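The block underneath contains the structure these notes are about, expressed in structure tokens.
Because the structure is a prediction, the values reported are computed rather than measured.
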Amino acid sequence: MRTKDLVFILIVIAVFLPFVVSDALYGWYLSFNAEHGMVMSFLKFGILATMGELLGLRISRGVYYFKGFGVLPRAIVWGILGMGINMAFIVFSTGVPAFAEYLGVKDTAAILSGALSWQKVALAFSISVVLNSIFAPVFMTLHKISDTHIMNNGGTLSGLFTPIKMGEIMQNLNWKVQWGFVFKKTIPLFWFPAHTITFLLPGETRVLFAALLGVLLGVILSIAARKK
């Protein structure tokens with residue numbers, strides 16, 4: 001095992017270990033998460049999804065970092081996107097059951113808060129499908145645009161806050177890969193089932209689970225980056 005790989009593993013352990021060994025710290029996390037959900041969403045995605053990108057970079061290029069990669073700007077962008085994901089979870093986990101009741105399904109709130117059943121799985125799957133069909137393509141495209149913007153500005157923090165050349169970046173995106181792999185394959189084959197599990201979980205753990213999925217997203221993005 002290389003030294004850099006060992007360091008990365010130790011950092012991951014350092015991030016999660018306090019929550020495992022300390023009941024007091026875990027209790028503080030639950031309390032703070034309930035009172036400041038958007039702040040925690042920023043922190044969860046800023047840390048975990050960025051770690052996923054570093055892991056993806058290790059897979060695709062054999063290194064965890066290169067000059068111009070922009071770890072801090074990426075963490076900030078992931079934090080902002082994480083708040084958007086939290087908002088989307090609230091909107092779709094409320095709106096889809098409401099629409100299901102409009103169509104005749106009874107007591108959706110009781111189904112989602114109750115024991116595991118085929119009705120609960122069906123509702124969770126429905127939320128995931130609607131969320132990932134409507135929100136995910138916009139989210140993934142915004143992430144790709146921000147990623148390109150960061151790289152174009154040398155990975156600097158000041159460069160992150162320069163105006164984004166939105167039209168130019170969108171024109172030069174590899175839409176063949178964005179559609180053929182990121183949208184058409186990862187959304188139905190990975191994100192539909194993954195977020196079905198997300199919406200079977202209690203509300204306070206959903207964003208954390210989604211942030212952990214962000215680690216896998218880093219790997220997926222690294223695969224997409226290697227496709228021509």
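- F89 and H195 have perpendicular rings, their planes meeting at more than 60° on a 0 to 90° scale where under 30° would count as parallel.
- Ring geometry for F99 against Y102 counts as parallel: the plane angle stays under 30°, on a 0 to 90° scale with 60° as the upper cut.
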Worked check of side-chain contact (heavy atoms from CB on, under 4.5 Å) between M83 and V39: CA-CA 8 Å; M83 292 192 293; V39 174; over 6 Å; no

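- A donor-acceptor distance shorter than 3.5 angstrom exists from the side chain of N174 to the backbone of K176, with no hydrogens or angles considered.
- Summarising the geometry, atom CG belonging to L112 is positioned 5.0 Å from atom CG belonging to L123; distances are rounded to the nearest 0.5 Å.
- Aromatic ring orientation, F32 versus H36: tilted (interplanar angle from 30° to 60°).
- Using a 4.5 Å heavy-atom cutoff, the side chains of I169 and K144 are not in contact.
- F45 and V138 sit in two unconnected hydrophobic clusters of ILVMFWY residues. Membership requires side-chain heavy atoms under 4.5 Å apart, directly or through other members.
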Worked check of salt bridge (charged side-chain N to carboxylate O under 4.0 Å, His left out) between K106 and E101: CA-CA 6 Å; K106 304 297 183 183; E101 292 205 357; over 6 Å; no

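- Proximity of a side-chain donor or acceptor of T198 to a complementary backbone N or O of A210 within less than 3.5 Å is not detected.
- Here the straight-line distance linking atom CD1 of I145 with atom CD1 of I150 works out to 12.0 Å at 0.5 Å rounding.
- Residue L103 holds its CG atom at 11.0 Å from OG1 of T108, rounded to the nearest 0.5 Å.
- With hydrogens and angles disregarded, no donor-acceptor distance shorter than 3.5 Å links the side chain of K120 to the backbone of A115.
- In this structure, F92 CZ and S126 OG are separated by 13.0 Å, a value rounded to the nearest 0.5 Å.
- With hydrogens and angles disregarded, a donor-acceptor distance shorter than 3.5 Å links the side chain of S146 to the backbone of H143.
- Linking Ile, Leu, Val, Met, Phe, Trp and Tyr whenever their side-chain heavy atoms come within less than 4.5 Å leaves W191 and L142 in two separate clusters.
- Ring pair F199/F125: centre-to-centre distance not below 6.0 Å.
- Distance alone, capped at 3.5 Å, is enough to place a donor-acceptor pair between the H149 side chain and the G159 backbone.
- A donor-acceptor pair under 3.5 Å is formed between the side chain of N172 and the backbone N or O of E168.
- With a 6.0 Å radius and a threshold of 12 heavy atoms from other residues, nucleotides or ligands, W175 has its CH2 atom above the threshold.
- We find the CG-CZ distance between L213 and R206 to be 13.5 Å, quoted to the nearest 0.5 Å.
- Separation of atoms OG1 (T141) and CD (Q178) is listed at 4.5 Å; rounding is to 0.5 Å.
- Shown here for A49 and W78, the closest heavy-atom pair between the two residues is CB-CD2, 3.3 Å.
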